[in-house]
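Counting starts at 1 for both ligands and their atoms, following the listed order. All residue numbers refer to positions in the sequence shown, counting from 1.
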Amino acid sequence: KLYESARELDLNERYDFVIVGSGPGGSTVAARLSENPKYKVLLIEAGANDDGVATIHAPLLQQTIPSTYMWNYTTEATPATSNRSLNYLRGYVLGGSSSVNGMVYSRCAADDYNGWAVATGDNGWRWDNVLPYIKKSERLVPATSGRNYSGEYDPSLHGYKGELATSLAAFGPTDFDQRALNSTTGPHGEFPFHQDMNDGRSVGLTWMQFAIGGGERSSAATSFLTGAVRARPNLSIVLNTYVTRVLQTEGGSPNSPSVRTVELGDRSARSVIGTVTAGKEVILAAGNVNTPQILLNSGIGDKKVLTQLGIKTTVNLPDVGNNMADHPGVIATWTSQTNEGPAFDPEAAFSEWTANKTGPLTGTINRLTLWSRIPSNATIWKTFQDPSSGKDTPHFEMVMAAYNGTAGAFLILLNPTSRGGISLRSSNPFDAPVIDSGILKTPYDILALAEGIRSMKRFFSGPAWTNYLRTPTFVDPDTASAAEWEAYIRENVATNYHGVGTAAMSKKDAKHGVVDPDLRVKRVSGLRIVDASVIPNVPAGHTQVPIYVVAERASDLIKASWE
Ligand SMILES: Cc1cc2nc3c(=O)[nH]c(=O)nc-3n(C[C@H](O)[C@H](O)[C@H](O)COP(=O)(O)OP(=O)(O)OC[C@H]3O[C@@H](n4cnc5c(N)ncnc54)[C@H](O)[C@@H]3O)c2cc1C
């Protein structure tokens, strides 16, 4: 059942599992745990329902989603971003950020997961062992446009029966896309055509895959909280309810206090409504920003910092909020006379989408993306070690982009070495947290992005681009001084909203990290974390699929520990 407010809930009701946050982490776990009718599950979401919000559901309207469905956070203005404060978008709605994101369906690199296994000492996180989970939740479907995508993906790699509908680009190739396809090299060249971007070793130009099915966005809410799931008598979903803290519950031991009570608040009134207690576990899935915020407000964090804020420490876990990594990116284009297909009438397109879920609004702005590595003989390797997770892991993604008389790519650095963090502004849990995106703190990241521009210049210099691309709109690191490049990149860098790592998993006995390999918060009982914050290193791709992976495996781990 769906409740619009915590005031509609009977707070004395005993739930087995209380889950906080309904993004890819929380919705997936709520759906999987409530498959067992024995378990009573409560899913708490701070935002509103996504039902019927066309800008959320029509893929091409993603950029017009109203700010009421966002947390509207900004990052701290630091010299690393030329003292700019960046908007740090997060979904504030059922489905979390998967209801507002760019819908790219990217599993990231096989060696990223193999790295999690090394970080945790748990081979259950290896790529080969999580692949069944990826396939379990995926349902690759044809595009409603009817475009035939054979040859653009490897059918053997995909799932066809899962909850999350995926598809390849609905339209294309446009003239620009065809030029990109014509610029690929043979398999041993720098820019091969790569058949499937989701085979775990995707270096090359690929067709993009999206969390889109039947002409609509596939979010965690539409995929995992379907009408049938919402109707389960053992699942309650409460909206518009802001979790302020998790509290110590009776039981537990001095070395492992029981933390199974959740404090609920009204965010607009900035007041506490009451508490609810889980019989078995509380599962925090509030995302990379809000999960550490809730922990810190609950006295779970670095004792020194908590004491300064006047918050009583329940458990001294110094890494809570640290280690935040995100992908820096920059638009790098040339002026160009692009003509990207026929313009469409927005009203007619909206009517068509509303009536049939077909037409231009089922498409996406980008269709092809290039994954590449810095050449092994580049000078950057004289100074720095390769931070990528393996030799088949790309260093960059270049999302092919052509619009408004420019063409080129959005360049993303996939394995940055900079780290930021989440901290508290005050001891008031209704205050927004302090977000240090961690972008561009290290010299490597600045030099690596220059290498990315060089890769792009090589890709866009072939015959396909003659008389098509004109003047670069970016500062060229080959003609600018090092200081000019650094100033330019700091002025123009953007985040990709792919933050991870603020409650990272680590080995069971490790002093660092926040959760153990089974995602239990260290040194407390009854509290797990299932969201982006547990991922120890930012993976080389977009982050939603790794979080579905975390959630699918977490669901099995949780079930196993109570069965
Ligand atoms: C604009 C944007 C574009 C992106 N593009 C892509 C893309 O194309 N492909 C991709 O793979 N990834 C993309 N991402 C990243 C991806 O969406 C996230 O990594 C992913 O959704 C994170 O999942 P999560 O479950 O950790 O957290 P979230 O999805 O953020 O969900 C957390 C949920 O918890 C709720 N919550 C938070 N605090 C509280 C509280 N105190 N009480 C109650 N509820 C709370 C939030 O409202 C939210 O619903 C994008 C993200 C954004 C913001």
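- Sorted by first and then second residue, the salt bridge (Lys or Arg N to Asp or Glu O under 4.0 Å) pairs with a member in residues 66-77 read E76-R425; sequence neighbours excluded.
- Looking at D112, its side chain never comes within 3.5 Å of a backbone N or O of P539 through a donor-acceptor pair.
- For S506, the side chain to side chain donor-acceptor pair (under 3.5 Å) partners two or more places apart in sequence, or in a different chain, are K522.
- Remark: Y133 engages no residue in a ring pair (Phe, Tyr, Trp, His ring centres under 6.0 Å) (not counting sequence neighbours).
- Atom OG in S98 sits 9.5 Å away from atom CD1 in I547 (nearest 0.5 Å).
- Under the 4.0 Å criterion applied to side-chain N and carboxylate O atoms, E163 and R32 are assigned as salt-bridge partners.
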Could you pull out the N/O contacts under 3.5 angstrom between ligand 1 and the surrounding protein atoms?
residue: ligand 1; atom: 5 (N); partner: G102; partner atom: N; Å: 3.0
residue: ligand 1; atom: 8 (O); partner: G102; partner atom: N; Å: 3.3
residue: ligand 1; atom: 8 (O); partner: M103; partner atom: N; Å: 3.1
residue: ligand 1; atom: 8 (O); partner: V104; partner atom: N; Å: 2.9
residue: ligand 1; atom: 9 (N); partner: V104; partner atom: O; Å: 2.9
residue: ligand 1; atom: 11 (O); partner: V104; partner atom: O; Å: 3.2
residue: ligand 1; atom: 11 (O); partner: T543; partner atom: N; Å: 3.3
residue: ligand 1; atom: 11 (O); partner: Q544; partner atom: N; Å: 2.8
residue: ligand 1; atom: 17 (O); partner: N101; partner atom: ND2; Å: 3.0
residue: ligand 1; atom: 19 (O); partner: T543; partner atom: OG1; Å: 2.8
residue: ligand 1; atom: 25 (O); partner: P24; partner atom: N; Å: 3.4
residue: ligand 1; atom: 25 (O); partner: G25; partner atom: N; Å: 3.0
residue: ligand 1; atom: 26 (O); partner: A532; partner atom: N; Å: 2.9
residue: ligand 1; atom: 29 (O); partner: S97; partner atom: N; Å: 2.8
residue: ligand 1; atom: 30 (O); partner: S97; partner atom: OG; Å: 2.8
residue: ligand 1; atom: 41 (N); partner: V243; partner atom: O; Å: 2.9
residue: ligand 1; atom: 42 (N); partner: V243; partner atom: N; Å: 2.9
residue: ligand 1; atom: 44 (N); partner: A46; partner atom: N; Å: 3.1
residue: ligand 1; atom: 47 (O); partner: E45; partner atom: OE2; Å: 2.6
residue: ligand 1; atom: 47 (O); partner: W71; partner atom: NE1; Å: 3.1
residue: ligand 1; atom: 47 (O); partner: G91; partner atom: O; Å: 3.3
residue: ligand 1; atom: 49 (O); partner: E45; partner atom: OE1; Å: 2.5
residue: ligand 1; atom: 49 (O); partner: E45; partner atom: OE2; Å: 3.1
residue: ligand 1; atom: 49 (O); partner: V93; partner atom: O; Å: 3.3
residue: ligand 1; atom: 49 (O); partner: G96; partner atom: N; Å: 3.4

